[in-house]
Amino acid sequence: MSRRWIAHLDMDAFFASVELLRYPELRGQPMVVGGGTRHQPVAQADGTHLFSRLRDYAGRGVATTATYEARAFGLHSGIGLMKAAALAPDAVLLPVDFDAYRRCSRLFKAAVAAHAPQIEDRGIDEIYIDLSEVPGAQDAIGDDPHGGVRALAGRIQQAVHDATGLSCSIGITPNKLLSKLCSDLEKPHGITLITEVDIAQRIWPLPARRINGIGPKANAKLDALGIRTIGELAAAEPQWLIGHFGQSYGNWLLEAAHGRDDRPLVTSREAKSLSRETTFERDLHARHDRAELGAIFTGLCERLADDLVRRGYVARSIGVKLRLDDFRILTRELTLGAPTADAAAIRHHAGLCVKRMPLDRRFRLLGVRAGQLSRADDTNADPFEGRKEEGQLSLPFADDA
DNA sequence: TCTGGGGTCCTAGGACCC
DNA sequence: TCTGGGGTCCTAGGACCC
C-alpha cells in the first residue's frame, strides 16, 4: 500500500554556513551575517583575515542568520545588530553576499532533484519534496515499516553535502504542514519522520507559534485566550475558535492543530509582483530632503525596471510604500492602461502614487512595487492596448502630463 | 539598543456593470 | 420612491513567510 510522503528540507544556518566554507577559521565561533557592506573581512599577509566584531557596528541593520554558537547568546535571524552587539559584542559580523548564497542554493536544489524531481521551491534555503513515487520510498527495512523513506532522506542529505559541503535537516510526514514543523525538530543535520499516530506525542506539546501560519499576532491572541500549545489548540471547541478568529482562519487553526493538510506541492509558479525598497541611514522628510529622496526614488525605479526586463516581465500596476518613523506603513498603488517595464514610466506612475500620500511625517523606508505581472513576450495582440493607455488621462491626479 | 528586503495571500469597501 | 442581487475590478491595509 502506497503512502504519501512529503519531505521538507531546510538548510542549517544557511547564510552563516556558506560563509564558513569561505572562512573555515571561524568554525566554532559565534558569528552573524547581516548589515550593510562596510564590514568586509580584511585579508592579512599571513593568509588569515581580520574580521569585524558586533561591538564595532553602528546602524540599522539586522542579522540575517546566526551560527549555532551565536544562538547560544540569544542571537537569531531578524535581531537588530545593535541589540545583538549588546548580547555578544565579540561575535564576528560578516556582510551578506546573496550571490554566493544563490549559487549554493542552486547547487543543493539540483542535488536533491537528481534523487527526487518533484520539488516545490520555498525560497533560498528550503524546499518541499514529494518522495511518494521515488524508488525505495515505500519499502520497509528490517522491522522499520518506514525504513525506505528514512534511508532515502539520508541519501538526500548526503547528496546535498557532497554538492555544497553544507548540512540540512529534513522532516518527513504525510503533508507539508507537518513536514515543515518536523524539519525544525532535530536541527542541525536531523531527519525527523512522523505519521498520524505520532501527532499527539510529538506535535501537541509544541508551542502553537511553531505552526507555519500562526504568526506573532495570532499567537498573542491565542496566548491571551489561554492557548499555548498545539495540543491545547487541537482540544479547543470549534465554534469558540471560529467566534474568535473567523470562519476561515478558525477552521484552519483546528485542522492545522490536528496535523491535517492536503495542499498539493506547487512545482512551478510565475512571479506576481517584484519590488525594490530601501531603508535610509536616517529618517528623511519629503520636503527637507527632496533632492536626496528624488535620487533614491529614481534609483529604485531603475533597479525595478531592470529586474522586470531581466526576468522578462511587464507590470500593469505600480505601487509605492513608505515606512514612517513610527513604523506604520503606507501604500498607494495604481493600475496602468497598458503594462510596462520602462524605468521612466515606472518613475512617473510611482510619482503619482506619492502625490496621493500624506507626507507630513518623516519616513525611514521607501519602496516601489510592480504588480499584475505578465510575460513580456506574451504577444497579447490586443488591438486596443494602446487606446487604453490614453484612457489613463482620467487618473485622479493629472500630473505634469 | 528599536526592528532589512523580498515576497504571498486575504479582507473589505467602493465603483461600475448587468 | 425605494430598493434588488450578482459579478468583477481597483485600492489600502494587514498578517505572515523566508
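Below, each value reflects all heavy atoms present in this structure, side chains not excepted, and no hydrogens, waters or symmetry copies.
- The phosphate of B/dG5 has neither OP1 nor OP2 within less than 4.0 Å of any side-chain N or O from A/R364.
- Between atom NE2 of residue A/H348 and atom CG of residue A/D342 there is a gap of 11.5 Å, rounded to the nearest 0.5 Å.
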May I have the step-by-step check of side-chain hydrogen bond (donor to acceptor under 3.5 Å, both in side chains) for A/E255 and A/N251, ending in yes or no? CA-CA 6 Å; A/E255 289 298 293; A/N251 272 320; over 6 Å; no

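- Remark: C1' of B/dC9 and NZ of A/K272 are 8 Å apart, rounded to the nearest angstrom.
- The nearest heavy atom of DNA chain B to A/A63 and to A/S248 marks one nucleotide each, and the one closer to the 5' end goes with A/A63.
- One interatomic measurement links the two molecules: CD of A/E120 to C1' of C/dC18, which rounds to 13 Å at whole-angstrom precision.
- In this structure, A/R71 satisfies the cation-pi test against A/Y68, with its NZ or CZ atom closer than 6.0 Å to the six-membered ring centre and inside 45 degrees of the ring normal.
- Counting only heavy atoms from C-beta on, A/V62 has its side chain closest to B/dG4 among C/dC10, C/dC18, B/dG4.
- A distance of 8.5 Å separates OG1 of A/T164 from CG of A/D162, quoted to the nearest 0.5 Å.
- Between A/R209 and A/D223 there is no salt bridge, since no side-chain N of the basic residue sits under 4.0 Å from a carboxylate O of the acidic one.
- Using a 4.0 Å heavy-atom criterion, one finds that A/R328 contacts no nucleic acid atom at all.
- Applying the 6.0 Å contact sphere to NE2 of A/H76 captures more than 12 heavy atoms from other residues, nucleotides or ligands.
- Listed nucleotides B/dG4, C/dG13, B/dG6 differ in distance to A/R323; the shortest reach to its side chain belongs to B/dG4.
- The phosphate of B/dG5 (OP1 or OP2) has a side-chain N or O of A/T278 nearer than 4.0 angstrom.
- For C/dA12, neither phosphate oxygen OP1 nor OP2 lies less than 4.0 angstrom from any side-chain nitrogen or oxygen of A/T331.
- As judged by a 4.0 angstrom heavy-atom cut-off over every strand, A/L274 is placed among residues touching the sugar-phosphate backbone only.
- Dashed line: the shortest gap from a side-chain N or O of A/S317 to OP1 or OP2 of C/dC10 is not under 4.0 Å.
- Taking atom C1' in both C/dC17 and B/dG4, one finds a spacing of 14 Å when rounded to whole Å.
- Taking the six-membered ring where the residue is Trp, A/F15 and A/Y101 present parallel rings, their angle staying beneath 30° rather than reaching 60°.
- For A/E281, the CD atom counts as loosely surrounded, since its 6.0 Å shell holds 12 or fewer non-hydrogen atoms of other residues, nucleotides or ligands.
- Mapping A/D307 and A/S77 onto DNA chain B by nearest heavy atom places A/S77 closer to the 5' end of the strand.
- In this structure, A/G59 reaches the sugar-phosphate backbone alone: every heavy-atom distance under 4.0 Å involves primed, P, OP1 or OP2 atoms, never a base.
- Between A/R332 and C/dG13 there is a side-chain N or O to OP1 or OP2 distance below 4.0 Å.
- Note that CD of A/Q372 is 10.0 Å distant from CD1 of A/I318, once rounded to the nearest 0.5 Å.
- Per the stacking criterion (ring centres < 5.5 Å, plane angle < 30°), A/F327 stacks onto the base of B/dT3.
- Comparing B/dG7, B/dT3, C/dC16 by their closest approach to the side chain of A/R311 singles out B/dG7.
- Put simply, CG on A/D325 is 12 Å from C1' on B/dC2, counting in whole angstrom units.
- For the segment residues 102-115 of chain A, no residue has any heavy atom less than 4.0 angstrom from an atom of DNA chain B.
- Between the CG atom of A/L304 and the P atom of B/dG7 there is a distance of 9 Å, given to the nearest Å.
- Between A/R362 and A/D289, at least one side-chain N (NZ, or NE/NH1/NH2) sits under 4.0 Å from a carboxylate O, which counts as a salt bridge.
- For A/S273 and A/R369, the side-chain atoms include at least one donor-acceptor pair closer than 3.5 Å.
- Rounded to an integer number of Å, the gap from OH of A/Y101 to C1' of C/dC18 is 15 Å.
- Backbone-only contact: A/E333 has heavy atoms under 4.0 Å from sugar-phosphate atoms and none from a base.
- Here the side chain of A/E126 is nearest to one of C/dC10, C/dC18, B/dG6, namely C/dC18.
- Partner of A/H189 under the side chain to side chain contact (heavy atoms under 4.5 Å, CB included) criterion, chosen from A/I170, A/D12, A/L166: A/D12.
- One distance of note links CG of A/D261 with CD1 of A/I211; it measures 10.5 Å at 0.5 Å rounding.
- Distance from the side chain of A/M82 is smallest for B/dT1 among the nucleotides B/dG6, B/dG7, B/dT1.
- Between B/dC9, C/dC10, B/dG5, one nucleotide has an atom nearer to the side chain of A/L365 than all others, and that is B/dG5.
- With distances taken from any side-chain atom of A/S275 to the nucleotides B/dG7, B/dG5, C/dC10, the minimum falls on B/dG7.
- Put simply, A/R60 has no side-chain N or O that comes within less than 4.0 Å of OP1 or OP2 on B/dC2.
- Judged by distance alone, the side chains of A/E25 and A/H49 do bring a donor and an acceptor atom under 3.5 Å apart.
- When rounded to the nearest whole Å, the span between OH of A/Y57 and P of B/dT1 equals 13 Å.
- Taking atom CG of A/L352 as the reference point, atom P of C/dA12 lies 12 Å away to the nearest angstrom.
- Here the side chain of A/Y249 is nearest to one of C/dC16, C/dC17, B/dT1, namely C/dC16.
- Residues of residues 211-224 of chain A having a heavy atom closer than 4.0 Å to DNA chain C, listed by number: A/I211, A/N212, A/G213, A/I214, A/G215, A/P216, A/K217, A/A218.
- The phosphate of B/dG4 (OP1 or OP2) has no side-chain N or O of A/T64 nearer than 4.0 angstrom.
- One interatomic measurement links the two molecules: CZ of A/R122 to C1' of C/dC16, which rounds to 11 Å at whole-angstrom precision.
- Rotation axes derived from the C1' atoms of the five outermost pairs at either end of the helix from B/dG5-C/dC18 to B/dC18-C/dG5 lie 0° apart, to the nearest 10°.
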